[in-house]
Amino acid sequence: QVQLVESGGGLVQVGGSLRLSCAASGRTFSSNAMGWFRQAPGKEREFVGTINWSGISTQYADSVKDRFTITRDNAKNTGYLQMNSLKPEDTAVYYCAARRGLSMSIHPGVYEYWGQGTQVTVSS
């Protein structure tokens, strides 16, 4: 069992940066791939990025590529989402997720564990 807690959300101006953290409990974190997703009001949850168990491989949605970076520190049981050059359309609740598998995935349905979400608001 893995429990996830996100933090680091908040209000930021256009062009600003935020770093979200996802703290995991449980001994299996280092063998879990992670994903980040977001959901804006009135929209479906969408894929942001994913990272494999070791942190070597990542994949991003086109909308955030070259602006967002996902990393993880397995020694600290924590994943991170660094968000730069933020835009108003990045405003959403951001969720981290973990799955019982080493490989990353863009599909939310394969993730067994989810955090509670953290609000990110980008003001123009």
Side-chain angles (χ1 to χ4, degrees):
Q1 190 79 359
V2 176
Q3 292 184 326
L4 305 174
V5 178
E6 301 100 335
S7 62
L11 176 64
V12 64
Q13 291 187 333
V14 169
S17 298
L18 280 176
R19 187 176 82 156
L20 305 184
S21 298
C22 177
S25 63
R27 295 180 297 170
T28 63
F29 176 75
S30 61
S31 61
N32 297 131
M34 287 187 61
W36 287 91
F37 297 82
R38 66 187 181 185
Q39 187 166 19
K43 295 188 177 181
E44 294 187 354
R45 188 168 299 188
E46 68 170 350
F47 167 73
V48 173
T50 181
I51 187 167
N52 76 331
W53 70 276
S54 67
I56 290 177
S57 298
T58 55
Q59 185 176 351
Y60 300 93
D62 288 344
S63 59
V64 306
K65 199 173 296 182
D66 299 326
R67 298 189 299 123
F68 290 12
T69 303
I70 296 174
T71 57
R72 64 189 297 163
D73 185 340
N74 287 341
K76 296 182 178 179
N77 277 6
T78 303
Y80 304 97
L81 177 64
Q82 177 67 43
M83 305 184 294
N84 298 329
S85 302
L86 283 161
K87 305 175 181 180
E89 52 263 43
D90 295 318
T91 295
V93 177
Y94 283 72
Y95 300 89
C96 67
R99 62 184 298 253
R100 290 193 297 264
L102 305 180
S103 301
M104 53 190 186
S105 175
I106 68 171
H107 302 293
V110 306
Y111 290 87
E112 293 90 356
Y113 310 109
W114 290 83
Q116 82 288 351
T118 185
Q119 176 71 46
V120 171
T121 302
V122 184
S123 65
S124 56

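Residues: numbered from 1 along the sequence shown.
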*asked:* Once rounded to the nearest 0.5 Å, what's the spacing between atom CG of N77 and atom CD of Q3?
replied: 12.5 Å

*Is there side-chain contact between E6 and S21, with heavy atoms separated by less than 4.5 Å?*
no

*Hphob cluster co-occupancy, L102 + Y111, side-chain heavy atoms under 4.5 angstrom*: no

*asked:* Let me confirm one number: the CZ-OH distance from R45 to Y95, rounded to the nearest 0.5 Å.
replied: 4.5 Å

*Are T118 and S7 close enough that some pair of their side-chain heavy atoms sits under 4.5 Å apart?*
no

*asked:* Determine whether F29 and N74 satisfy the following criterion, side chain to side chain contact (heavy atoms under 4.5 Å, CB included), listing intermediate values before the conclusion.
replied: CA-CA 7 Å; F29 176 75; N74 287 341; 3.3 Å; yes

*Report the distance from atom CG of D66 to atom OG of S85, rounding to the nearest 0.5 Å.*
10.0 Å

*Which atom of L18 lies closest to which atom of G8, heavy atoms considered*: CD2-O, 3.8 Å

*Tell me, with the steps shown, if W114 and F37 meet ring pair (Phe, Tyr, Trp, His ring centres under 6.0 Å).*
CA-CA 10 Å; W114 290 83; F37 297 82; 5.1 Å; yes

_What verdict does the side chain to side chain contact (heavy atoms under 4.5 Å, CB included) test give for R67 and M83, after you've listed the backbone C-alpha separation in whole Å, the side-chain angles of each residue and the deciding distance to 0.1 Å?_
CA-CA 6 Å; R67 298 189 299 123; M83 305 184 294; over 6 Å; no

*Please report the shortest heavy-atom distance between G9 and V120, naming the atom on each side.*
CA-CG2, 4.2 Å

*asked:* I want to check something: taking the side chain as every heavy atom from C-beta on, are F47 and P108 in contact at a cut-off of under 4.5 Å?
replied: no

*Has the side chain of R99 got a donor or acceptor atom that lies under 3.5 Å from a matching backbone atom of S103?*
yes

*Can you check whether L20 reaches W36 side chain to side chain, under 4.5 Å on heavy atoms?*
yes

*Looking just at side-chain N and O atoms, do Y94 and R38 make a donor-acceptor pair shorter than 3.5 Å?*
yes

*To the nearest 0.5 Å, tell me how far M104 CE sits from I70 CD1.*
9.5 Å

*Does one side chain, of D73 or T78, offer a donor that lies under 3.5 Å from an acceptor on the other?*
no

_Heavy-atom count check: over 12 atoms from other residues, nucleotides or ligands less than 6.0 Å from E112 CD?_
yes

*Are C96 and L81 close enough that some pair of their side-chain heavy atoms sits under 4.5 Å apart?*
no

*Donor-acceptor pair, T121 side chain versus L11 backbone, under 3.5 Å?*
no

*Do you know the tightest heavy-atom contact between T91 and Q119?*
CG2-NE2, 4.0 Å

*Indicate yes or no for a side-chain donor-acceptor contact from T50 to the backbone of M34 under 3.5 Å, with no hydrogens or angles considered.*
yes

*Provide the closest heavy-atom pair for R72 versus N32 in the form atom of the first, atom of the second, distance.*
NH1-O, 2.7 Å

*Crowded around E89 CD? As in, over 12 foreign heavy atoms under 6.0 Å?*
yes

*asked:* Please tell me whether L86 and V48 are part of a single hydrophobic cluster in this structure, the criterion being side-chain heavy atoms less than 4.5 Å apart.
replied: yes

*Starting at OG of S31, measure out to CG of N52 and round the result to the nearest 0.5 Å.*
12.0 Å

_Salt bridge check, D90 against K87: does any charged N sit closer than 4.0 Å to a carboxylate O?_
no

*asked:* Between C22 and Y80, does the side chain to side chain contact (heavy atoms under 4.5 Å, CB included) criterion hold? Intermediate values first, please.
replied: CA-CA 6 Å; C22 177; Y80 304 97; over 6 Å; no

*Criterion side chain to side chain contact (heavy atoms under 4.5 Å, CB included) on T69 and Y60, from CA distance to verdict*: CA-CA 8 Å; T69 303; Y60 300 93; 3.9 Å; yes

*Between I106 and Q59, what is the shortest heavy-atom contact and its length?*
CG2-NE2, 3.6 Å

